[in-house]
Amino acid sequence: MAFAIDERLSSEHEQAFARANGVKKLRILENIKDSECNKLAEDILGREFVAQAPLPEVEDIKDKVASIRATIETTRQRIEQTQTDHEKKELEQQLQAANQEIEQLQAQLNAVPIRWLEVYEHRHLLEQALRDSQERLLIISPWIRANATNKWLIQQLEKLLKRGVKVFIGHGLGEDDNQKTRDKKAENAIEKLNQQYDNFCLKRLGDTHAKILISDSKFAIVTSFNWLSFKGDPNRTFRDERGTLVSDSHKIQELFDKETQRF
């Protein structure tokens, strides 16, 4: 759960809600099954597959992660304020233990075949895919905007292409007559890569509402998050964009084959 106060996220409210076990107390998980996020996932991934999502277990893990991150932040502040080397060493050991616990919990999340994503998880996963993909990367996004398709993203795409990774980008929804100059430059930069590298396939689909990200056989994401036009900056106005992450290799391949038929 995230809390937006005057259009800004409040981590203090989020952490307090997690500690109070608010998701269970307010029966929020039961409502997720009727959400637009769930319906989108069912349309693309299939109802039977989505039905196996272990919502309570995953949310318990994510609540633990949120609570530990709150503890980490408090510990870091105490380290900065401490006056003795002995206390500082103890706090640093606590910080290391907390980070290790988060890594273990994250490994548990990664082993789940399907789970829900919150808005601010998306950009991190996109950047991870741009850094770590070894064989293939697929991005479906209706719009390309300079705010999200920035210099770093273009550079990472080229690094992938130089390593021989196959990259597929599908975009376009209707006519974009009001495109700003800087957005056009971002699109042109991607088009230039398409002309330079044979392992890059860029196509204007023209009718895509889908927002999909696939990295190798590690994960696929079906979402309402616009990968190439929305950066999801937590310091900017909040937008409720949610998605579904799949780590089942057979379902990932099925989705990849389905999407690449259009290229």
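Computed from a predicted structure; not experimentally measured.
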- Query: What's the shortest heavy-atom distance between R145 and S229, and which atoms?
  - Reply: CG-CB, 3.3 Å

- Message: With a sphere of 6.0 Å drawn around CG of D85, does it hold more than 12 non-hydrogen atoms of other residues, nucleotides or ligands?
- Response: no

- Message: A98: which residues meet the side chain to side chain contact (heavy atoms under 4.5 Å, CB included) condition with it, sequence neighbours left out?
- Response: I68, I72

- Message: For V119 and F230: C-alpha separation, side-chain torsions, deciding distance, then whether side chain to side chain contact (heavy atoms under 4.5 Å, CB included) applies.
- Response: CA-CA 10 Å; V119 60; F230 180 50; 4.1 Å; yes

- Query: Counting only N and O atoms by type, is there a donor-acceptor contact under 3.5 Å from the side chain of Q83 to the main-chain atoms of Q81?
  - Reply: yes

- Atom pair CG/CG of D183 and L228 - distance to nearest 0.5 Å: 11.5 Å

- To the nearest 0.5 Å, atom CG of L105 lies from atom CD of E103 at 10.5 Å

- Task: Please lay out, stage by stage, how K184 and E187 fare under the test side chain to side chain contact (heavy atoms under 4.5 Å, CB included).
- Result: CA-CA 5 Å; K184 187 62 179 176; E187 188 173 329; 4.1 Å; yes

- Message: If I take atom CD1 from residue I139 and atom CZ from residue F168, how far apart are they, to the nearest 0.5 angstrom?
- Response: 12.0 Å

- Query: Are the side chain of Q134 and the backbone N or O of D132 linked by a donor-acceptor pair below 3.5 Å?
  - Reply: yes

- Heavy-atom pair of closest approach, residues W227 and L126: O-CD2, 3.6 Å

- Message: Quick one, E121 with R115, criterion salt bridge (Lys or Arg N to Asp or Glu O under 4.0 Å). Give me CA distance, side-chain angles, the key distance, then yes/no.
- Response: CA-CA 12 Å; E121 296 181 83; R115 66 182 178 90; 3.3 Å; yes

- Side-chain (R163) to main-chain (S133) donor-acceptor, under 3.5 angstrom: yes

- Note on the structure: For G170 and L205 the tightest heavy-atom approach is CA-CD1, 3.9 Å

- Item | Nearest-0.5 Å distance that lies between atom CG in L117 and atom CD1 in I221 | 5.0 Å

- Query: Do you know which two heavy atoms are closest between R19 and S67, and how far apart they sit?
  - Reply: CG-OG, 4.2 Å

- Task: Could you walk me through whether E80 and R76 pass salt bridge (Lys or Arg N to Asp or Glu O under 4.0 Å), step by step?
- Result: CA-CA 6 Å; E80 293 177 358; R76 284 174 176 165; over 6 Å; no

- Message: Let's go through F3 and E12 carefully: what are the C-alpha distance in whole Å and the side-chain angles of both, what is the deciding distance for side chain to side chain contact (heavy atoms under 4.5 Å, CB included) to 0.1 Å, and is it a yes or a no?
- Response: CA-CA 9 Å; F3 290 80; E12 293 84 358; over 6 Å; no

- Message: Tell me whether W152 shares a hydrophobic cluster with F225, the cluster being built from Ile, Leu, Val, Met, Phe, Trp, Tyr side chains joined at under 4.5 Å.
- Response: yes

- Do N99 and L95 touch side chain to side chain, with heavy atoms closer than 4.5 Å? yes

- Message: Considering only residues two or more places apart or on different chains, which pairs with a residue in residues 252-261 satisfy side chain to side chain donor-acceptor pair (under 3.5 Å)?
- Response: R136-Q253, K251-E254, Q253-D257

- Query: Between the side chain of T223 and the main-chain N/O of K211, is any donor-acceptor distance below 3.5 Å?
  - Reply: no

- Rounded to the nearest 0.5 Å, what's the gap from CZ on F219 to CD1 on I252? Could you check? 8.5 Å

- Message: Determine whether a donor-acceptor pair (N or O, by modelled atom type, separation under 3.5 Å) exists between the side chain of N199 and the backbone of V165.
- Response: yes

- Message: Pairing donors with acceptors under 3.5 angstrom, does anything connect the side chains of T82 and E87?
- Response: yes

- Begin with the C-alpha distance, continue with both residues' side-chain angles, and end with the deciding distance and a verdict on side chain to side chain contact (heavy atoms under 4.5 Å, CB included) for L137 and I169. CA-CA 8 Å; L137 173 72; I169 293 182; over 6 Å; no

- Hey, are the side chains of E158 and Q196 touching, using non-hydrogen atoms and a 4.5 Å cut-off? yes

- Message: Testing the basics here: between F200 and L193, what is the closest heavy-atom pair and its distance to 0.1 Å?
- Response: CD2-C, 3.5 Å

- Message: Counting C-beta onward and ignoring hydrogens, is there a side-chain heavy-atom pair between L255 and V222 closer than 4.5 Å?
- Response: yes

- Query: Can you name the nearest heavy-atom pair linking I5 to S10, along with the distance?
  - Reply: CG1-CB, 3.9 Å

- Could you state the interatomic distance from CG (N194) to CG (L157), rounded to the nearest 0.5 Å? 11.0 Å

- Which residues satisfy the salt bridge (Lys or Arg N to Asp or Glu O under 4.0 Å) test with K218, sequence neighbours excluded? D216

- Message: Any heavy-atom pair between the side chains of I114 and D248 that's under 4.5 Å?
- Response: no

- Using side chain to side chain donor-acceptor pair (under 3.5 Å) as the criterion, list what pairs up with E90, not counting sequence neighbours. H86

- Item | salt bridge (Lys or Arg N to Asp or Glu O under 4.0 Å) against E191, all qualifying residues, sequence neighbours excluded | none

- Task: Please name all residues satisfying side chain to side chain donor-acceptor pair (under 3.5 Å) with H124, sequence neighbours left out, ordered by chain then number.
- Result: none

